2 protein chains.
Amino acid sequence: MITTSFTEENYLKAIFHLSPQEAEAVSTNAIAEALQTKAASVTDMLKKLADKNLINYVKYQGVTLTHNGRQAAIGIIRKHRLWEVFLVDKLNFKWDEVHELAEDLEHINSAKLIDSLEAFLGFPKVDPHGDPIPDKNGVLKEPILVPVSKMNINQTGIISGVKEHSTLFLNYLEKTGLVLGKRVKVQDLIEFDGSVIIALDKQVLTISRDVAKNILIAV
Amino acid sequence: MITTSFTEENYLKAIFHLSPQEAEAVSTNAIAEALQTKAASVTDMLKKLADKNLINYVKYQGVTLTHNGRQAAIGIIRKHRLWEVFLVDKLNFKWDEVHELAEDLEHINSAKLIDSLEAFLGFPKVDPHGDPIPDKNGVLKEPILVPVSKMNINQTGIISGVKEHSTLFLNYLEKTGLVLGKRVKVQDLIEFDGSVIIALDKQVLTISRDVAKNILIAV
DNA sequence: TTTATTTTTTAGGCTAACCTAAAAAAATTA
DNA sequence: TAATTTTTTTAGGTTAGCCTAAAAAATAAA
C-alpha cells in the first residue's frame, strides 16, 4: 500500500476534480488555483507524486492520474461524502455546513472506520449535495444529470445535485425551496437573458441563467 | 483563540497525562518517552509551547501546564473519548480497537461537531474504558476508583475503568469476562505474590498482581 | 566535597511543503 | 516567422518538527 500525506491527498483530489473523466491533462496553474497555492509549489509536488506513480507527469504538458492515483483520489472522495452524510443525517448539520469539516475528516485513514460508517448510514448512494458515493472497491457511478439550463419547455425532473457548492448558493436554494428530491417543471425559457421559469410544488418562480446552470436534474 | 498544531496538541496531551493533577513538574525525558521521540526534540517544542503560554517552562526544571494549556489538553481528551464512544456504541468497534483511531479523530477541530456528537451519543459520562468525559466547559470530574489490588477481602464493587489500555490487556479482560459494569467480590488476597481471588458472576477466578493493579473499581 | 553519572540543552543538519524571483519553454499575436 | 505574452520550471530560501553529537547543568556516589 502506498501511503499518502495529507497534502498529497489534497493534490490528488484536486487533479481528479479538475478532470474527472481524464478527458484532458490538468495544468499546473489550474491546480495552483484550486489549492490556493503557487505554481512553483505545485511543480514540486507533481514531481513527488510522479515518483510515487500516482500521476503521469511530463514537464510543461500537465498531468493525468495513474490508475493508483485515481483510486487514491476516489478513496478520499468516498470518505468525504460518507462523512457529509453522517454530519447531515446523524448530527443535523445543514447541507451548506458540512464541506469544510469533511475536508478534514476525509484524511482519517481507516478502511474499517469508513466501511463501518457506510453500513451505519445504511449504504447511502449519494451525499447531501447529490454527488454519488464510490463503493468500497473504488467504483464511482456518475449519474447522468443535466442542468436546468439545458432542459426543454414542459420537461420535468427531480433535483438531484448541484454544481456549485458555496454556502451563498446553497443558502439561496434552501430559502427558495430548491432542495434535493424536489420535482420541478420548466414552464418557460427566456432567451434574452437565459433565465428559466419553473414550477415547484404549487408555486411558479424565475431563476437566473447562473442558477439554472448549477442545479442538476435527473430526467 | 490560540491555534495549536497536531503535534503541539500531542505534547499538551502527553504532559497532561503525565501529571493530571499538576502534582509535580513533568520531565523532558518523560515526555520524550511518552511520545517516542528524542529529548532534544522535546526541548525544541517546550520552548514553542512556553512562547504560546501553554506551559510553564524553566530550563532544567521540567514543565507544568498553564490554565490555557490545561484547557487545551482537556479539550483534546474530550474529543478523544467522545469519538471512542461513537466507535464502540455506533460502529460496533471493540473497546481495544478504538484508541489509535481516536488519536487521529481527536485533532479534528470543530466545537460544533463535537458538541453535536456528544448530544447524538446521549451525553455519555465515560468512554468505553471507563474514563470520564470532560464537559463542553472543560470540566473533568475524575471519579474515585481503586485498583482491585487495594481492595479488602469480601469487599465488592463495579469494574469502572482500566489503568492499562494495551490491546493485549484489554483482550485478556474481554476473554475472562472482566468487562466494564461487572460486579466483583474479593474472596482472598494471596500475600505471597499479590494475586487476588475474585468472584465474578457465578465463577471464581484468580488474577495476578499486575492484572489486579490495572482494573479499577468504584466501591 | 570532589567525582561520576544522568538529564537536559545547544549547535548544526535533515525533510516536507511552502515561498519569491528569475530562467526557460510554450502559446499567442503581430 | 518573429516578437510578445503566458505558463511552467528552476534556483535558492523559510518554517515546523525531527535528528545526532557535544556541551552544560543537575543529581548521585565515592
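Basis for what follows: all heavy atoms, side chains included, without hydrogens, waters or symmetry-related copies. Naming convention: chains lettered A, B, ... in sequence-line order (proteins, then strands); numbering from 1 in each chain. Predicted, not measured: the structure shown is a model, and the values here were computed from it.
- Atom CG of A/Asp51 and atom P of C/dA16 are 11 Å apart (whole Å).
- Within 4.0 Å of A/Ser41, counting heavy atoms only, lies at least one base atom of the nucleic acid.
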Return a table of donor-acceptor pairs under 3.5 angstrom between the side chains of residues 123-132 of chain B and protein atoms on other chains or two or more places apart.
from: B/Asp127; atom 1: OD1; to: B/His129; atom 2: N; distance (Å): 2.7
from: B/Asp127; atom 1: OD1; to: B/Gly130; atom 2: N; distance (Å): 3.1
from: B/Asp127; atom 1: OD1; to: B/Asp131; atom 2: N; distance (Å): 3.1
from: B/His129; atom 1: ND1; to: B/Glu84; atom 2: OE1; distance (Å): 3.0
from: B/His129; atom 1: NE2; to: B/Trp95; atom 2: O; distance (Å): 2.8
from: B/Asp131; atom 1: OD2; to: B/His165; atom 2: NE2; distance (Å): 3.0

Please tabulate, for side-chain N and O atoms in residues 34-43 of chain B, each donor-acceptor pair with protein atoms closer than 3.5 Å (sequence neighbours left out).
from: B/Thr43; atom 1: OG1; to: B/Ala39; atom 2: O; distance (Å): 3.2

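- Shown here are the side-chain hydrogen bond (donor to acceptor under 3.5 Å, both in side chains) partners of A/Ser27, two or more places apart in sequence or in another chain: there are none.
- Nucleic acid contact class of B/Tyr11 (heavy atoms, under 4.0 Å, all strands): sugar-phosphate only.
- The neighbour count for A/Lys150 NZ, taken as heavy atoms of other residues, nucleotides or ligands under 6.0 Å away, does not exceed 12.
- For C/dT9, the OP1/OP2 oxygens have a side-chain nitrogen or oxygen of B/Thr43 closer than 4.0 Å.
- The CG-C1' distance, from B/Leu46 to D/dC18, rounds to 14 Å in whole Å.
- Phosphate proximity of C/dT9 to B/Lys47: absent, as no side-chain N or O sits under 4.0 Å from OP1 or OP2.
- Residues from residues 25-40 of chain B lying near DNA chain C, meaning a heavy-atom separation below 4.0 Å, are B/Ser27, B/Thr28, B/Asn29, B/Ala39, B/Ala40 in numerical order.
- In this structure, B/Gln61 places its CD atom 13 Å from C1' of C/dT9, rounding to the nearest Å.
- Note: CG (B/Asp44) to P (D/dT15) measures 14 Å, nearest angstrom.
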Between side-chain atoms of residues 103-111 of chain A and protein atoms elsewhere (two or more places apart, or another chain), which donor-acceptor pairs fall under 3.5 Å?
from: A/Glu103; atom 1: OE1; to: A/Lys13; atom 2: NZ; distance (Å): 3.0
from: A/Glu103; atom 1: OE2; to: A/Lys13; atom 2: NZ; distance (Å): 3.0
from: A/Glu103; atom 1: OE2; to: A/His99; atom 2: NE2; distance (Å): 3.1
from: A/Glu106; atom 1: OE1; to: A/His80; atom 2: ND1; distance (Å): 2.7
from: A/Glu106; atom 1: OE2; to: A/Lys13; atom 2: NZ; distance (Å): 2.7
from: A/His107; atom 1: ND1; to: A/Glu9; atom 2: OE1; distance (Å): 2.6
from: A/His107; atom 1: NE2; to: A/Asn10; atom 2: OD1; distance (Å): 3.0
from: A/His107; atom 1: NE2; to: A/Glu103; atom 2: O; distance (Å): 3.2
from: A/Ser110; atom 1: OG; to: A/Leu113; atom 2: N; distance (Å): 2.9

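- With sequence neighbours excluded, no residue forms a ring-ring contact (aromatic ring centres under 6.0 Å, His included) with B/His17.
- Not a single side-chain hydrogen bond (donor to acceptor under 3.5 Å, both in side chains) links B/Lys163 to another residue, sequence neighbours left out.
- Applying the ring-ring contact (aromatic ring centres under 6.0 Å, His included) test to B/Phe86 and every residue at least two apart in sequence or in another chain returns A/Phe86, B/Trp83.
- Computed from coordinates, the A/Met45 CE to D/dT10 P distance equals 16 Å when rounded to whole Å.
- The cationic atom of A/Lys47 (NZ for Lys, CZ for Arg) does not lie both less than 6.0 Å from the six-membered ring centre of A/Tyr57 and within 45° of the ring axis.
- Remark: B/Tyr60 in residues 52-60 of chain B come within less than 4.0 Å of DNA chain D through at least one heavy atom.
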